[in-house]
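Note that the numbering runs from 1 along the sequence shown for the chain.
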Amino acid sequence: MRQWLEGLEARHGLDTLTERSRRLVLGGYVLLLLLMLYRGVAVQSEVVLGPLIAFVLPLVLFLPSILGRRPRGHAWLAFVSLLYFTQGVMVATLPGQGLRGLLEALVSLALFTGCMGYARFRSRQLRAA
């Protein structure tokens, strides 16, 4: 795996890989945030603030790390995204919720991949500078 990543870095360059992973992080983050807002507002018959905050707050707490482009914050967000992946897989097994759960699992997996890539490529970029 390490050799494959180093070959990827040699072919495309750190700047390109950092920007691509950043776009994946931003897209996954926004989509997952919208999915969590949808879950808290549209799925339930009434808006209950407690579950809505429980789903959205962990993502919002990482907003300063994303805006500040900090590799360590992205690494931690990758670990948190795995909780959303697990939740998405569990929701996908519920009757009538398969598509929503699958979408949540896929978006959180994309966020995980983007965050791990960004943490690696950005930290290498900062070390080289």
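Side chains of Ser65 and Arg72 form no contact here, defined as non-hydrogen atoms less than 4.5 Å apart. Looking at Leu111 and Val107, their side chains never come closer than 4.5 Å, going by heavy atoms from C-beta outward. Considering only heavy atoms from C-beta on, Glu104 stays 4.5 Å or farther from Val89 through its side chain. Under the 4.5 Å side-chain criterion, counting only non-hydrogen atoms from C-beta, Leu35 is not in contact with Tyr84. Using a 4.5 Å heavy-atom cutoff, the side chains of Gln125 and Arg122 are in contact. The side-chain heavy atoms of Tyr38 and Leu34, taken from C-beta on, include no pair separated by under 4.5 Å. Two residues are said to be in side-chain contact when any heavy atoms from C-beta on lie closer than 4.5 Å; Glu6 and Arg124 meet this criterion.
When atom types are taken as modelled, the side chain of Arg120 and the backbone of Pro71 share no donor-acceptor pair closer than 3.5 angstrom.
Interatomic distance, CZ of Arg22 versus SG of Cys115, reported as 10.0 Å (0.5 Å rounding). One distance of note links CH2 of Trp4 with CD of Glu9; it measures 10.0 Å at 0.5 Å rounding. Ser108 OG to Leu31 CG: the interatomic distance, rounded to the nearest 0.5 Å, is 11.0 Å.
Hydrophobic clustering of Ile, Leu, Val, Met, Phe, Trp and Tyr side chains at less than 4.5 Å, counting indirect connections, unites Leu26 with Leu37. Cluster membership for Tyr118 and Tyr29, using ILVMFWY side-chain heavy atoms within less than 4.5 angstrom, is shared. Hydrophobic cluster membership differs between Phe62 and Leu83, with clusters built from Ile, Leu, Val, Met, Phe, Trp and Tyr side chains linked at under 4.5 angstrom. Residues Trp76 and Leu32 fall within the same hydrophobic cluster, defined by Ile, Leu, Val, Met, Phe, Trp and Tyr side chains chained together at heavy-atom separations under 4.5 Å. Leu67 and Leu126 end up in different hydrophobic clusters when Ile, Leu, Val, Met, Phe, Trp and Tyr side chains are linked at under 4.5 Å.
The minimum heavy-atom distance between Pro58 and Ile53, with the atom names listed, is CD-O, 4.1 Å. The two atoms that bring Met36 and Leu52 nearest to each other are O-CD1, 4.1 Å, heavy atoms only. In this structure, Ala92 and Leu102 approach most closely via the heavy-atom pair CB-N, 3.9 Å. Of all heavy-atom pairs between Gly114 and Ser21, the closest is O-CB, 3.7 Å.
Other residues, nucleotides and ligands contribute more than 12 heavy atoms inside 6.0 Å of the CG atom of Leu94.
Look at Glu19 and Arg69 and you find a salt bridge, because one of the NZ, NE, NH1 or NH2 atoms lies within 4.0 Å of a carboxylate O, short of that distance.
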